[in-house]
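A quick write-up on the structure given underneath.
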Amino acid sequence: MTLPTSIDVIPTGTVGAMIDGVDIAAGLDDQQFTELREAFIEHGVIFLRDQHITPDQHVEFAHRWGEINVNRFFRPVDGHPLIAEVRKDPGQTRNIGADWHTDHSYDQIPALGSILYARVVPPTGGDTLFTNMYRAYETLSDGMKDTLHRLSADHSSRHQFGSLANIEGDTHDIGTRLGNAEAATQDAVHPVVIRHPLSGRPALYVNSDFVLRLTGWTDEESEPLLAQLYAHAVREEFQYRFSWEVGSMAIWDNRATLHVAANDYQGELRLMHRITIEGEALEPFVPA
Ligand code: SIN
């Protein structure tokens with residue numbers, strides 16, 4: 001017997017869907033959670049509004065998605081070590097997540113996704129943009145796809161969060177929010193085109209924050225092809241721009257999307273809480 005659907009899923013265009021009919025503080029029954037997870041798999045990112053949750057409820061909700069993968073470099077929320085604080089104070093100029101990326105791709109087993117919850121938002125600006133990495137793959141030529149199926153890329157955390165990133169010397173700005181440089185030792189090789197572990201669909205899997213080069217290629221050889229793929233992946237028609245309100249939540253799939261945080265709210269506070277969920281090892285997409 002098929003149960004009637006219990007939540008509303010309203011697609012937001014090429015990527016994402018707005019969810020209605022869910023109150024996380026009140027709790028979700030199994031049917032609602034199954035539908036939410038299906039919407040996440042289908043649309044790559046889901047958005048919820050007007051959620052009024054405590055940090056403990058955020059953690060409890062995250063546990064339904066899987067094990068929590070604690071970010072090594074973000075400052076944790078006071079008293080809640082499983083939640084990373086994504087903050088920009090009025091006197092700070094740089095924001096976290098300012099370039100298109102996917103979270104934790106430097107891990108050998110990259111995170112499934114992240115659950116970002118808005119606590120304080122600026123009066124205007126501070127949106128997050130998402131792009132659809134299935135569409136990015138599907139719209140490449142057959143010749144390019146054939147080439148990419150054979151390639152992997154080297155990802156690393158070292159240049160972004162390690163001592164070379166000079167984060168800890170920066171006491172005014174980003175260094176007060178990111179740290180733990182000695183823990184930035186992660187290197188990983190992932191296929192350039194993955195078979196998505198949940199949907200089975202091919203997705204492009206490169207991002208300019210954490211990819212160093214194509215595996216077995218020099219930096220110089222890699223740079224033009226990677227630059228072309230990065231530009232292609234974020235074509236406007238693959239994107240959706242989400243405007244936050246206090247109590248909004250976005251749950252994104254790190255294997256199906258990239259995201260970037262707009263930094264257009266200087267002089268204002270923006271405070272978000274993020275929990276990242278463990279994923280699974282990524283396999284290459286092998287065409288039939
Ligand atoms: C992130 O990159 O995880 C944060 C995105 C945001 O603050 O909008």
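First listed ligand is number 1; within each ligand, the first listed atom is number 1. This structure is a prediction, so every number in the text was calculated from the model and none was measured.
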- request: Give a yes or no on this: more than 12 heavy atoms of other residues, nucleotides or ligands lie within 6.0 Å of atom CD of Glu138.
  value: yes

To the nearest 0.5 Å, atom OG1 of Thr131 lies from atom OH of Tyr230 at 14.0 Å

May I have every N or O pair linking ligand 1 to the protein at under 3.5 Å, one per line with atom names and distance?
{"from": "ligand 1", "atom 1": "2 (O)", "to": "His101", "atom 2": "NE2", "distance (Å)": "3.0"}
{"from": "ligand 1", "atom 1": "2 (O)", "to": "His259", "atom 2": "NE2", "distance (Å)": "3.1"}
{"from": "ligand 1", "atom 1": "3 (O)", "to": "His259", "atom 2": "NE2", "distance (Å)": "3.4"}
{"from": "ligand 1", "atom 1": "3 (O)", "to": "Arg274", "atom 2": "NH1", "distance (Å)": "2.6"}
{"from": "ligand 1", "atom 1": "7 (O)", "to": "Arg270", "atom 2": "NH1", "distance (Å)": "2.8"}
{"from": "ligand 1", "atom 1": "7 (O)", "to": "Arg270", "atom 2": "NH2", "distance (Å)": "3.4"}
{"from": "ligand 1", "atom 1": "8 (O)", "to": "Thr128", "atom 2": "OG1", "distance (Å)": "2.5"}
{"from": "ligand 1", "atom 1": "8 (O)", "to": "Arg270", "atom 2": "NH2", "distance (Å)": "2.8"}

Sequence neighbours excluded, the answer for salt bridge (charged side-chain N to carboxylate O under 4.0 Å, His left out) partners of Glu278 is none

Any donor-acceptor N or O pair under 3.5 Å, side chains Asp99, Ser208 = no

Hits for side-chain hydrogen bond (donor to acceptor under 3.5 Å, both in side chains) against His149, two or more places apart or cross-chain, chain-then-number order -> Tyr137

Ring pair (Phe, Tyr, Trp, His ring centres under 6.0 Å) pairs touching residues 8-34, sequence neighbours excluded, are Phe33-Trp65

